[in-house]
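Here's the structure we're looking at; comments come further down.
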Amino acid sequence: MSVLEMKQVHKVFGSGHTKVEALKPTNFSANKGELIAVIGPSGSGKSTFLTIAGGLQPPTNGYVFINGRDITELNEKQRSVIRLKEIGFVLQASNLVPFLNVNQQMQLLDKVKKDNLPAEKLEELYQTLGIRKLLNSFPADLSGGEKQRVAIAKALYTNPSIILADEPTASLDSDRAFEVMEMLQEITTNSNKTTIVVTHDTRLINYCNKVYNITDGRLSLQTETAQ
Amino acid sequence: MFLAWNEIKNNKLRFTLIVSVLMLVSYLVFLLSGLANGLENMNKAAVDKWKAQGVILTEESDINLPQSSLSLDDYDGKGADEFASLAQISSIATSGNNKSNVTIFGIDAGEFIMPNITEGEAFQNANEVVANDSLKEDGFKIGDELRLSSTEKTLTIVGFTDNAKFIAAPVLYTDLQTLQNVRYGEAAEVYKDQINAFVIRTDDLSNVDVKKELQVVDTTTFIENLPGYSEQSLTLTFMIYFLFVISAVVLAIFLYVLTIQKISIFGVMKAQGISSNYLARSVIAQTFLLAFAGVILGFLLTLVTGAFLPDVVPIIFQYLDLLTYGVVLVFVSILGALFSIQTIVKIDPLKAIGG
Ligand SMILES: Nc1ncnc2c1ncn2[C@@H]1O[C@H](COP(=O)(O)OP(=O)(O)O)[C@@H](O)[C@H]1O
Ligand SMILES: [Mg+2]
């Protein structure tokens, strides 16, 4: 069974002459251990694709299954629960809470969800991401790369089955960007996650098992490499 | 609480400001409440001292003690456990350089409205009075001869009692005969049975049976009809209620601005799957902490003020009142926060994520 499956997912904004077909009817599936890139220029529908996949907005038509469960039927409250349990978002802009230090960012998740990573796994995650020394720092004191690594830690701490990253390297220089991709790659393989990275940055494709192109809302498989 | 508390810890200045505003509002509420009590007490302390349930006045008096004129034999105690006769006049008492407005109560020393004696002794002979101890602050003392504005007669202070003020004037207690002498002069003998009211103690006022020209007024109504009393308490009560509204609005505005500033943070948290419910509870918890801190500090400030207040300032703090007002302040502050919660519920996580 696919971890994430989209069937004939279609998204239309507006109507009449303001109508935008942000996502043409799309079929897509992703499995455990896959790191997938979706590459396309600005306005091509990448974020629309990712937010529908992550249950942040419903499609106009079609179905989205997460671990076999159709989430298009659910209301916002139920989708919010799915997001908390199954999805880890890594976003372009920092998604850190400014008044919590790194360690507290994780504690916040403990307040809203029980079965997060055990202490030794979290410790491992901190090691992998190289943020062990930053636990008492606040977001304002972190560099762009550090913030992004903390954001990844936050996305992974709830032990989600799917990691969705929207332009995770946009604010980083090349070295930092590659570092982040390496980490995503390592985590996807070692913890058997499903990771989708949408980006306009073609330098990142080397890290991925599958690369899709998206232009004007049309998704097409470009390359597939063996895992 | 986790989010709420950490945000406060990391934004000390802005939350200190909010707490200070709440502190000042609650301080003002507490002072006004104290002032209301103090002023009420100045007007009615002597009435409270009776520990009576009702007063018999004439129908014509319009529940105004000086306007009520009746005779000692107008009431025989029917339906009352105890009753006491009361004659009253207002005057100005002077002794040497000391001068004060006074109310004089003419009473029967054997009846229950006879005051306790805190210093000196009870009046026994003609022209002796027991005075409220507030007169001591004005320089009066035992043995002083008081000249009165309305008569050539002089009275002598033989003792003091406490908590005896009537319509802001200290009370002088004396026997009925002395009062009649002061009031009627030569004609006192003719009017010796004229009094203003009977004060009654009973479990059930409706059992009290009086003549057609008289009325039985319960003590609360009697107090409310003291000149200026209701107007004064209403004004102060209105100010206190208005402060409740102000504190709710001030807090609502503060929290709303803070919430608007945090829309993207809330949005990101919601995208992550943190429920609106959790965020709303966090805002309530924060409001509670702020309001609670503000009220406690306001209370401490009130205590400090109370300790330094000179006796002439008519402020009396009743802790049960302060507690009630404190609870109301916290409660209305939380009402103010509900305004922001609606905003949080409406935040679309998608917008926060950006495209
Ligand atoms: N909420 C929306 N309302 C109207 N149009 C939208 C909305 N979201 C996205 N679009 C449009 O859909 C298209 C795809 O947007 P998006 O998915 O954000 O692209 P990308 O992330 O690749 O830059 C764009 O033309 C954008 O203007
Ligand atoms: Mg985008």
Checked A:P160, A:S80, A:G43 vs chain B; the most non-hydrogen pairs under 4.5 Å come from A:S80
Toward chain B, the part of [X] with a non-hydrogen atom under 4.5 Å:
| X | value |
| --- | --- |
| A:E76 | side chain |
| A:I82 | neither |
| A:L56 | both |
| A:K113 | neither |

Contact origin within B:L3 toward chain A - heavy atom pairs under 4.5 Å | both
Parallel under 30°, tilted from 30 to 60°, perpendicular over 60°: which one fits the rings of B:F339 and B:Y256?
-> tilted
Any donor-acceptor N or O pair under 3.5 Å, side chains B:N277, B:R281 = yes
Does a side-chain N-to-carboxylate-O contact under 4.0 Å join B:D162 and B:K49?
-> yes
Salt bridge flag under 4.0 Å for residues A:D201 and A:R203 | yes
Is there a donor-acceptor pair closer than 3.5 Å between any side-chain N or O of A:T26 and the backbone N or O of A:L219?
-> no
